[in-house]
Amino acid sequence: EQTAEGENLSPEMLIKHPLQNRWSLWFYMNDKSKAWEENLLEITSFDTVEDFWALYNHIEVASKLRMGCDYALFKYGIKPMWEDERNKKGGRWLINLNRNQRSSDLDAYWLEIVKLAPIRKCKAAFRYFYRKKLKERLNMSPRQMIGFEAHADTQSKTGSSAKNRYQV
Amino acid sequence: EDQWSPLNLGGKKQYDRTFLLLLQSQQCKKPQGLPDLDIIKDKMLQNKLPDINL
């Protein structure tokens, strides 16, 4: 049933647009007095385009987070840690930005990456497609590198950084 | 075009960039139930994306 107010709006504007999955936004607080896991906070979850934007429009941009703080976006029900059963065989893509890019590009990169989340499945066949898409979407120069680290490697690393299994 | 809409509930849940950005500008109400943190703002931030030519 439409209200008098709603009659002028197209049906598109009355109903929120669903996403394929429900997602959770996590925030890592970096409070040194707390254990790593206690610093991890699930802010909220959403499963429509409108709810995503309402959230995004009311949180600090990634470039202005305090040192050591992080955002993480995961499918609802999966914890942002490699111990989670559904992450064990996964890995992470790493993009390093220089100081200038932090103010100019970081926020746009984060948002574009978030919007590509639905295809972030890191099955081998997907990797090539994903990194190509990502570089294209971020307008990155061919010289800029994106590395992929498998969690299994990172966990067992001995040096300061795990070996990149893939690099583009 | 087989995109989801209230009139095409079985359509694909994929939306183009222009449409997504249009929806962004309309979401000025703060979601309820968010934790009390300094990164969470009461007022809408206008974080416009730079134009990227695709």
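Chain letters run A, B, ... following the sequence lines, proteins first and then strands; every chain starts at 1. All values reported here derive from a predicted model rather than from experimental measurement.
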**Q** Is it true that A:L40 and A:W82 fall in one hydrophobic cluster, defined by side-chain heavy atoms closer than 4.5 Å?
**A** no
**Q** In terms of heavy-atom pairs under 4.5 Å with chain B, which of A:D105, A:T44, A:I43 leads?
**A** A:I43
**Q** According to a hydrophobic-cluster definition based on side-chain heavy atoms being under 4.5 Å apart (Ile, Leu, Val, Met, Phe, Trp, Tyr only), do A:W26 and A:V61 belong together?
**A** no
**Q** Which heavy atom in A:A54 sits nearest to a heavy atom in B:P31, and how many Å separate them?
**A** O-CD, 3.5 Å
**Q** Kindly work out whether a path of hydrophobic side-chain contacts (I/L/V/M/F/W/Y, heavy atoms less than 4.5 Å apart) joins A:W110 to B:M44.
**A** no
**Q** Chain B: which of A:V49, A:L65, A:D51 shares the most heavy-atom pairs with it under 4.5 Å?
**A** A:V49
**Q** What are the two closest non-hydrogen atoms of B:D42 and A:H58, and how far apart are they?
**A** O-CD2, 3.5 Å
**Q** How long is the span from the CG atom in B:L23 to the OG1 atom in A:T48, to the nearest 0.5 Å?
**A** 9.5 Å
**Q** Step by step, work out the side chain to side chain contact (heavy atoms under 4.5 Å, CB included) result for A:I59 and B:I40.
**A** CA-CA 5 Å; A:I59 56 172; B:I40 294 182; 4.1 Å; yes
**Q** Applying salt bridge (Lys or Arg N to Asp or Glu O under 4.0 Å), name anything that partners B:D36, two or more places apart in sequence or on another chain.
**A** none
**Q** Please classify the contact of A:F52 with chain B as side chain, backbone, both or neither, using a heavy-atom distance under 4.5 Å.
**A** neither
**Q** Please round to the nearest 0.5 Å and tell me the distance separating atom CD of A:Q20 and atom NZ of B:K12.
**A** 10.5 Å
**Q** With a 4.5 angstrom heavy-atom cut-off, is it the side chain or the backbone of B:K30 that approaches chain A, or both, or neither?
**A** both
**Q** For the NZ atom on B:K41, are there more than 12 heavy atoms of other groups (residues, nucleotides or ligands in this structure) within a distance under 6.0 Å?
**A** yes
**Q** Could you measure the distance from the CG atom of A:L19 to the CH2 atom of B:W4? Nearest 0.5 Å is fine.
**A** 10.5 Å
**Q** Output the distance between atom CD (B:Q3) and atom NE2 (A:H17), rounded to the nearest 0.5 Å.
**A** 6.5 Å
**Q** Answer yes if A:Y28 and A:I95 sit in the same cluster of Ile, Leu, Val, Met, Phe, Trp and Tyr residues linked by side chain heavy atoms under 4.5 Å apart, and no otherwise.
**A** no
**Q** To the nearest 0.5 Å, what is the distance between CG on A:L41 and CG on B:L37?
**A** 6.0 Å
**Q** Checking A:W53 side chain against B:L20 main chain: does a donor-acceptor pair fall under 3.5 Å?
**A** yes
**Q** Set out, in order, the CA-CA distance, both residues' side-chain angles and the distance that settles side chain to side chain contact (heavy atoms under 4.5 Å, CB included) for A:Y71 and B:I39, then state yes or no.
**A** CA-CA 11 Å; A:Y71 286 136; B:I39 54 149; 3.8 Å; yes
**Q** For B:K13, is the NZ atom crowded, meaning more than 12 foreign heavy atoms sit under 6.0 Å from it?
**A** yes
**Q** Please determine whether residues A:M81 and A:Y76 belong to a single hydrophobic cluster, defined as Ile, Leu, Val, Met, Phe, Trp and Tyr linked transitively by side-chain heavy-atom distances below 4.5 Å.
**A** no
